[in-house]
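Structure, as structure tokens:
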Amino acid sequence: MDNNCAYCMEGDLVAKFGIKICELETSKVYLFKEQSHKGRVIVAHKKHVGDLNELTSEERAAYFEDVALAARALQAAFKPNKVNYGAYGDTGHHLHFHLVPKYADEYEWGGVFAMNPERVYLSDEEYKQLVDIIKGKIEEQLKKL
């Protein structure tokens with residue numbers, strides 16, 4: 001745990017950019033507030049590690065199961081043409097993946113997604129609707145396991 005880490009401390013730190021959707025076996029799933037790609041989420045590991053190589057093989061496999069489950073939920077909810085995955089961590093040293101649904105002929109299709117495009121923000125009610133949709137699809141995926 002790191003007292004300066006948004007993913008460890010949650011609360012106001014994570015609220016600047018995300019809304020917690022749920023917790024999975026090894027991770028926490030957040031809706032990314034900037035929604036230029038409808039359904040963009042973050043899947044952050046529960047342990048404060050900065051790199052995949054700091055996890056055991058079993059922990060890494062379990063984390064990737066969580067990432068895949070979240071991606072399947074996004075595919076079921078929003079029918080994107082592709083989900084892009086990004087794990088950078090240059091400034092935020094806590095293992096997390098951005099899952100970014102991409103849609104043909106829409107913003108940034110065919111290119112790399114911007115980390116913080118500052119384009120599309122929603123009302124509280126719109127955020128709640130997206131959280132409910134994604135959470136419902138995650139729960140459906142969990143029932144299939």
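We use all heavy atoms of the structure for the numbers below, so side chains are in, but hydrogens, waters and symmetry mates are not.
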Residues Glu54 and Lys47 bridged, charged N to O under 4.0 Å: no
SB check Lys128 Asp132 (cutoff 4.0 Å): yes
Where [X] and [Y] come nearest, the two heavy atoms and their spacing:
X      : Y      : answer
Phe113 : Glu108 : CA-OE1, 3.2 Å
Leu74  : Leu99  : CD1-CB, 3.8 Å
Cys5   : His94  : SG-ND1, 3.3 Å
Tyr103 : Pro80  : CE2-CA, 3.4 Å
Val120 : Glu34  : N-OE2, 2.7 Å
Leu122 : Gln35  : CD1-CG, 3.9 Å

Residues clustered with Tyr7, ILVMFWY side-chain links under 4.5 angstrom: Val14, Phe17, Tyr30, Phe32, Ile42
Fellow cluster residues of Met1, listed by chain then number, with links counted only when side-chain atoms sit under 4.5 Å apart: Met9, Leu13
Leu130 vs Ile19, side chain to side chain contact (heavy atoms under 4.5 Å, CB included): CA-CA, chis, key distance, verdict: CA-CA 10 Å; Leu130 280 179; Ile19 300 166; over 6 Å; no
Results of side chain to side chain contact (heavy atoms under 4.5 Å, CB included) for Ile133 - residues two or more places apart only: Ala77, Phe78
For Arg119, side chain to side chain donor-acceptor pair (under 3.5 Å) partners two or more places apart: none
Counterpart residues, side chain to side chain donor-acceptor pair (under 3.5 Å), relative to Asn84 (two or more places apart): Lys102
Between Phe97 and Phe64, ring centroids under 6.0 Å: yes
Salt bridge (Lys or Arg N to Asp or Glu O under 4.0 Å) assessment of Lys143 paired with Glu140: CA-CA 5 Å; Lys143 288 177 184 174; Glu140 286 177 17; over 6 Å; no
Out of curiosity, [X] [atom1] to [Y] [atom2], how far, rounded to the nearest 0.5 Å?
X      : Y      : atom1 : atom2 : value
Arg60  : Thr26  : CZ    : OG1   : 12.0 Å
Gln129 : Ile134 : CD    : CD1   : 12.0 Å
Leu95  : Leu55  : CG    : CG    : 6.0 Å
Cys22  : Leu142 : SG    : CG    : 7.5 Å
Tyr121 : Lys33  : OH    : NZ    : 9.0 Å
His93  : Asn4   : NE2   : CG    : 11.5 Å

Ring geometry between His45 and Tyr63 (parallel below 30°, tilted from 30 to 60°, perpendicular above 60°): tilted
Of Val100, Val43, Val67, the residue whose pairing with Tyr85 passes side-chain contact (heavy atoms from CB on, under 4.5 Å): Val67
Check: Leu24 main-chain N/O paired with Asp66 side-chain donor or acceptor under 3.5 Å: no
Hydrophobic cluster identity match, Val41 and Val112, side-chain contacts under 4.5 Å: no
Within residues 14-28 or reaching into it, pairs that qualify as salt bridge (Lys or Arg N to Asp or Glu O under 4.0 Å) - sequence neighbours excluded: Glu10-Lys20, Glu10-Lys28, Lys20-Glu23, Glu23-Lys46
Flag if over 12 foreign heavy atoms under 6.0 Å of CG, Asp105: no
